[in-house]
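All remarks here apply to the structure that follows.
Note that this is a predicted model, so its numbers are computed, not measured. Numbers restart at 1 for each chain; the letters A, B, ... are given by sequence-line order, proteins then strands.
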Amino acid sequence: MPWSRPEMAERLAREFQDGWIVNLGVGMPTLIADVDLGGKEIVFHAENGVIGFGPVAPEGQEDIHLVDASRRYITLPPGGAIVHHADSFALIRSGRIDVTVLGSYEAAANRDFANWKVKGAKGGVIGGAMDLAACAKNVFLMMEHRTRDGAPRLLAQCALPVTARGVVKLVITELGLFEPTGTAFRVRDLAPGVTMDELRAATAAPVTE
Amino acid sequence: MPWSRPEMAERLAREFQDGWIVNLGVGMPTLIADVDLGGKEIVFHAENGVIGFGPVAPEGQEDIHLVDASRRYITLPPGGAIVHHADSFALIRSGRIDVTVLGSYEAAANRDFANWKVKGAKGGVIGGAMDLAACAKNVFLMMEHRTRDGAPRLLAQCALPVTARGVVKLVITELGLFEPTGTAFRVRDLAPGVTMDELRAATAAPVTE
Amino acid sequence: MARRSKIVADFDAAVQGIEDGSTIAFGGFALPGSPFNLIAALLRQGAKRLVCVGNTTGGPRKPRNPDIGMLVENGQVAKVICSFTAGSRASDVLPFTPYYERGEVDAETVPQGTLAERLRAAGAGIPAFYTPAGVGTEIAEGRETRVINGREYLLEYALPCDVALLRAYQADEAGNLRFRRAQRNFGPIMAMAAKLVIVEVEEPILPVGAIDPDDVHTPGILVHRLVHIPPAPAAIWPTLKETR
Amino acid sequence: MARRSKIVADFDAAVQGIEDGSTIAFGGFALPGSPFNLIAALLRQGAKRLVCVGNTTGGPRKPRNPDIGMLVENGQVAKVICSFTAGSRASDVLPFTPYYERGEVDAETVPQGTLAERLRAAGAGIPAFYTPAGVGTEIAEGRETRVINGREYLLEYALPCDVALLRAYQADEAGNLRFRRAQRNFGPIMAMAAKLVIVEVEEPILPVGAIDPDDVHTPGILVHRLVHIPPAPAAIWPTLKETR
C-alpha cells in the first residue's frame, strides 16, 4: 500500500539531523511542518523571511501578517525572527539551509530535477526554487511517482527544463524513498507492500537495491 | 582676516539646499552639525549608519552607544533611524547623499582631491571617503589652504594619491570659498580682508574671479 | 531633521504623477505587504506602458484583490518582471497568461532570490553581481557566466525602479516604516531600489519620534508619500478567506 | 526551534577552538560594537597567523582597550584587512604601523563601503560584485574594471570569515541579537559573513521569546556563542573618557 502524504512527510523528516535548518517549498513539503520531530531541534525557514516557524495556525487564530511560502497561515513560536527578502535569500545562497524539501514534476537519476516549467508553457513558476536548489546543502524532493496519466516522473534524465543540475540527494514518493546515484535510483525504503517489480514498472530509470 | 573654523562651517552650510541629506566626514566637517541652519530642513547622515543626527551631546549627557564618523558623542533627535554598515553605504553608493563634506590634504583645479594617503606612508586612511567621493551628488571639501610649512594645498593637479577623480564641486578654506573649474579655482567668496594677491600667492593653481 | 509631513490625503493623491513607461515595484508576498489600495488607485490613474516588478502577477483566486494582473487587463502594462509568470498548479490559468501568450505583454521570469538581490543591488549602488541561482538552466542560456573559486556563476544586473508601491504596518510622519511579521518581505529592498516610494499604512500615522531609531525597518529618507488606510469599505482590507 | 542555550561560561570558553590561520572579523566602529572582552580572551588564547578584518587596527589613544593592534604586538597576526591602516592624523603613529613597515604583518586597505559590501556579499552567497568606489585611484591599479551603462566599476570579491567577534546590547538564548544605536555598524553583516559567530552581550541574556521577531537585528541561526559581560572590573566596560 503506497504511503499517504502525511506518511511521506513523516518518513522524510526522519532523514533530518538534529539542529538542521530546514526550508520547505510550496505545496506537499509544507506538510512536514506538522510532523512530530521527537527530540530533534529543527528550525524551519520560509523563503519570505520567516525563521523558526511552527505548525499551521488553528482555525480562528490566524495572524493575517504571517504566512509561509505556500500562503498558509502559520505560527511563530518563541525564538523566531523575521528578515526581509534579500536577507532571506542571503541565508539561502550562503549555504545556511541544511536541507530544502521541494515539490517536483520530474526527478532524474543524474540528480537533476525539473519543477518550474510545464510542457508548452510560456511562463514559469520559479519562485525560490532555483536559489534553494543551487545553494542548500541538501536538496530533497517530495513528489508523486507518476503523473495523473500514469507516466513516470522518475527518469534517467529530465524531459522538462531543469531547475538545477546534479543536486538531488533524496526523493520520496508514495512508493518509497530513493537516492539518485548518477545512473539509477537506489532504494532506501519502500512503502509497505510495494514490490521491486511494481517500482520498476513505475520508474523510467534503472532502480537498484 | 581668515575665517575661523566655525565661520567656514557656517559659510559652507549656506550652500546646502533645503531638504538635503548631508554626510559629514571625519574632522573639520563635523563642525557643520553645530551650525544654525535657519529654516532649512537638513538630514545628517553618518557613515556608521546614523541617520538624522543632531549636535554633539552636552557634557554629562553623552550616550556611549551613539557616535558619528569622527567618534564624537552626538544626539539623535526624533525621527532618526539606525541602519547597519552595508545599508549605510547602500544609501551612499545609490546616490541618496546630496552632499558629502570631506576634509582633504589636497584639492585640485581639475576637481580631483587627495585625502587618504600622506607622502611616504605605507598604510592609508580611506575610511568611507572613496565611496562618498565616488557616489555623493555633490562633494564639498573643507580644509586648510596651506600645510603647516606654508605649502599650498590647492593645486593644478594632486601630488598625493587621489581619493576620486573629477568630483569636487566646492572647496572652502580659511581664505575663501572656491569652485574648481577644471583648469582654475573660481572665487565664490573671500574671507574678510583677504586679497586676490594673497590668495594667488597661497594657491598653486590659476585663480579666477 | 524632516519636519514636513509626508502624509498625503488619499490613495489617488498618492499615485499622482506616476508617468507612462515607469518601472514600478509592487511589494508583497501573498497578502502580507501587498499595496491593494495603491494598485486600485493606479488602475484609476491610468498610467500606461508600465514595467511591473513583483513576486507574482497575481493568482487565479477569487474574489480578486487588485494586482498586476488587473493592470494588465486594464491595458496599462508593457512588461512584468516576476518570479512567477504562470500558475503554481499546471491547471491554474492566470488572468495575465492570455495577454502574455498573445504577445501583448512581455515577461521576464527571474529566480526569487535573484529578483530580491537585483532590487537590493539597485538600492545599494551595485550595478551587477554574480549568483549561482539558475546556472545550467534555460534562464542562463546565452547569458554571461564566470567561474569564481571553481564554481560557475551567472552575471545579474541591478533592477532600479522609478516607483515602489508598498504596504506597511506603522509609519511616522518622517516616513520611518515598520512592517509586521511576513509583511516585511520585499518592502525594505523595494524602498531602496525606487526613486519614489509610496506606502499605504495600516495603523494611524505616528508623530515623528514615536518609533525608536533601533526599531525602524526602512529609514524615512527613502520614503516620500504615506497614506493611512481607512476602515473598510472605504479601503481594501482583505480577509483571511479572500487570500487563502 | 532551538531549545539548546548558546550561552558559554566566560570569554575564554567563548574563543576556545579558534584555529591558527583563521580569518576573524572584529565588530565595532570606534567604541560601539567593539568586542573588547573577546579580544582580550583571544590575546590569552594565542591563535597565530590570523587574518584580522575590521574598520581599523585600533587607534593611538591611551589608555588602550584591546584591539587588532594588540594582537599584532602579541605576534598573532599575519594580515589585516581594514579601511584605516594608518592614523587619521599624519602625526599619529599606530601601534600596528612599525610591524607593517617592517613587513612583519601584511595589510589590505579597503574603502569602508567596499569592506562592508564584501562582508555582506560573503554572507549572501554573492562571490563578486561591481562598485564605483576606488575607480581611478591607486587601489584600482592592475585590477579588473568593467563599464556598465557608461560608468566604470571595480570588481570586488566576497570576504568570507571563519569567525566573527561581536558586541551586542541584547540577546536571547536562541542567539537573536539586538544592537543599540551606532553599536549596530558591522555587527549584522559580520554575523552573516562568518561561520562561527561569538558575541559579548551587555544586558543579561534574555529567555527565548523575550525579543519580538520583528525587532531582531541578527537572527539567532547565525549566532553560535553568547557571553554576558559581567560588571567591571571583572570585564572591560570602557568609559566615555577612554574612548574619546
Please classify the contact between [X] and chain D as side chain, backbone, both or neither, with a heavy-atom cut-off of under 4.5 Å.
| X | answer |
| --- | --- |
| B:D87 | neither |
| B:L66 | both |
| B:K119 | neither |
| B:T163 | backbone |

So B:H85 and D:F29, would you call those rings parallel, tilted or perpendicular, with 30° and 60° as cut-offs?
->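 Rings of B:H85 and D:F29: tilted, as their planes differ by 30° to 60°.
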
Could you measure the distance from the [atom1] atom of [X] to the [atom2] atom of [Y]? Nearest 0.5 Å is fine.
| X | Y | atom1 | atom2 | result |
| --- | --- | --- | --- | --- |
| B:I126 | D:T114 | CD1 | OG1 | 8.5 Å |
| B:K122 | D:R102 | NZ | CZ | 10.5 Å |
| D:Q112 | B:S88 | CD | OG | 8.0 Å |
| B:H84 | D:T218 | NE2 | OG1 | 8.0 Å |
| B:R165 | D:E152 | CZ | CD | 10.5 Å |
| D:T131 | B:M130 | OG1 | CE | 11.5 Å |

Side chain, backbone, both or neither of D:F96 within contact of chain B (heavy atoms, under 4.5 Å) | neither

D:R151 versus chain B, the contacting section by heavy-atom distance below 4.5 Å | side chain

Best-contacting candidate, B:I74, B:V162, B:V50, against chain D by heavy atom pairs under 4.5 angstrom =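 The answer is B:V162.
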
For B:R5, does the CZ atom sit with more than 12 other heavy atoms under 6.0 Å from it, leaving out its own atoms?
-> no

Is it the case that more than 12 heavy atoms not belonging to B:Q157 sit under 6.0 Å from its CD atom?
->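 Check fails, neighbour count at 12 or below.
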
What residue, out of D:P188, D:A116, D:P111, has the most heavy-atom pairs lying under 4.5 Å from chain B?
-> D:P111

Given B:H65, which of D:R184, D:R181, D:E202 fulfils the side chain to side chain donor-acceptor pair (under 3.5 Å) condition?
-> D:E202

Counting N and O atoms only, with roles assigned by atom type, does the side chain of B:D131 sit under 3.5 Å from a partner on the main chain of D:G113, one being a donor and the other an acceptor?
-> yes

Counting N and O atoms only, with roles assigned by atom type, does the side chain of D:R120 sit under 3.5 Å from a partner on the main chain of B:A86, one being a donor and the other an acceptor?
->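 Checking the backbone N and O of B:A86 against the side chain of D:R120, no donor-acceptor pair under 3.5 Å is found.
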
Report the C-alpha distance between D:R180 and B:D63 in whole Å, list the side-chain angles of each, state the deciding distance to 0.1 Å, and finish with yes or no for side chain to side chain contact (heavy atoms under 4.5 Å, CB included).
-> CA-CA 10 Å; D:R180 201 174 161 275; B:D63 178 340; 2.9 Å; yes

Heavy-atom pair of closest approach, residues B:A134 and D:A133 |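 So the minimum-distance heavy-atom pair works out to CB-CA, 4.2 Å.
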
Side chains of D:F179 and B:I82: closer than 4.5 Å at any heavy-atom pair?
-> no

Could you go through the side chain to side chain contact (heavy atoms under 4.5 Å, CB included) check for B:V67 and D:L31 one step at a time?
-> CA-CA 8 Å; B:V67 297; D:L31 179 153; 6.0 Å; no

